[in-house]
Amino acid sequence: MTAAAPLCLTQGDPSGIGPDLALALHAGLAGLPPFFLLADPDLLRRRAAQLRLNVAIAECEPEQARGLFPHALPVVPLRHRARGAPGAPDPADAPATVESIERAVDYLAQGRARAMVTNPIAKSVLYAAGFEHPGHTEFLGELAAAKFGRPVRPVMMIWSRELAVVPATIHIPLSAVPAVLREDDLVEIGHIVAAALAHDFGVAAPRLAFCGLNPHAGENGAMGREDIDIVAPAVARLAAEGVDARGPLPADTMFHAEARAGYDAAIGMYHDQVLIPAKTLAFDTGVNVTLGLPFIRTSPDHGTAFSLAGTLRARTSSLAEAILLADRMARARAGA
């Protein structure tokens with residue numbers, strides 16, 4: 001990767017709001033760093049016409065994107081075409097969606113892009129076309145291992161200027177969480193989060209706060225022993241290994257302003273425990289960041305919003321924040 005390399009933005013589901021957001025952001029520019037979009041150029045031309053956006057589409061190679069960006073939206077064409085009817089997801093478009101993600105990782109491995117920003121995908125649409133991965137993050141983890149030659153542990157962070165959170169378990173039933181919590185996993189996640197805060201976010205001495213699984217962090221075992229037997233030992237190990245980690249803490253008192261000032265990232269035991277406060281505080285500006293990869297990946301913290309596709313009513317703020325954060329993280333890694 002060179003400092004001059006642009007950011008790479010994936011197409012996302014072509015029937016969703018990803019194409020709209022990319023077009024609208026470029027139309028406004030708003031001081032964004034140069035990026036290119038991996039997409040079907042004809043899809044973008046159709047969508048721009050539908051949205052009545054005067055955005056020139058320039059087909060190019062990644063190296064040409066920076067020079068083109070002030071005057072046109074640089075688009076590296078996909079081999080697969082996309083029908084992309086707004087609001088009408090089609091499994092036949094899945095190959096284009098998958099190709100965009102795969103090509104982005106290729107360009108990162110080749111140093112032709114500094115970071116990737118992924119537009120939202122619809123897993124159900126990909127599943128209908130035979131996609132076999134649990135989700136976007138897991139697919140990126142597999143691609144990273146294949147392209148960079150080493151195993152990775154992808155960790156999902158939801159970041160905003162107000163709060164950064166990491167769920168230790170993600171898309172599993174709440175009833176399954178206690179059975180899958182492992183001390184070793186929490187320790188590994190803690191190290192990955194602390195390293196990312198230091199290297200990618202410029203936090204000199206990262207502070208981690210671990211939520212308890214149970215109400216009141218288990219009330220000394222009265223409401224379950226998971227916090228005593230799993231969470232507390234993990235926090236103690238991290239502290240012994242040089243990570244500033246605290247917990248388990250009662251989750252219901254961790255997210256007011258004074259409490260948030262005491263840590264740089266909160267690690268929750270399950271999805272909604274930390275995503276509810278994150279989305280309450282920064283619904284329109286949150287960014288999904290995948291930590292633990294050999295490259296930078298951010299994404300807007302919202303879905304495909306099929307009902308808004310083709311209407312120009314979708315807000316661009318989360319994607320803009322994702323692009324700005326990817327640029328900031330890339331600069332931090334490069335020492336800029």
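Counting from 1, the numbers follow the sequence of the chain as shown. As a basis for the values below, the full set of heavy atoms in this structure was taken, side chains included, without hydrogen atoms, waters or symmetry mates.
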By side-chain hydrogen bond (donor to acceptor under 3.5 Å, both in side chains) - contacts of [X] (at least two apart):
| X | value |
| --- | --- |
| Asp227 | Asn214 |
| Asp20 | Arg47 |
| Gln50 | none |
| Arg260 | none |

Test item: side-chain donor near acceptor, Thr118 and Arg297, under 3.5 Å: yes
Distance-only donor-acceptor check, side chains His80 and Glu99, under 3.5 Å: yes
Gln273 side-chain N/O to Gly212 backbone N/O, donor-acceptor pair under 3.5 Å: yes
Parallel, tilted or perpendicular: ring planes of Trp159 versus Phe201, cut at 30 and 60 degrees: tilted
Parallel, tilted or perpendicular: rings of His271 and His171 (30°, 60°): tilted
Crowding at CZ, Arg161 (>12 non-hydrogen neighbours, <6.0 Å): no
Residue pairs passing the salt bridge (Lys or Arg N to Asp or Glu O under 4.0 Å) test where at least one lies in residues 193-221, sequence neighbours excluded: Asp200-Arg333, Arg207-Asp264
Contacts of type ring pair (Phe, Tyr, Trp, His ring centres under 6.0 Å), residue Phe283, not counting sequence neighbours: none
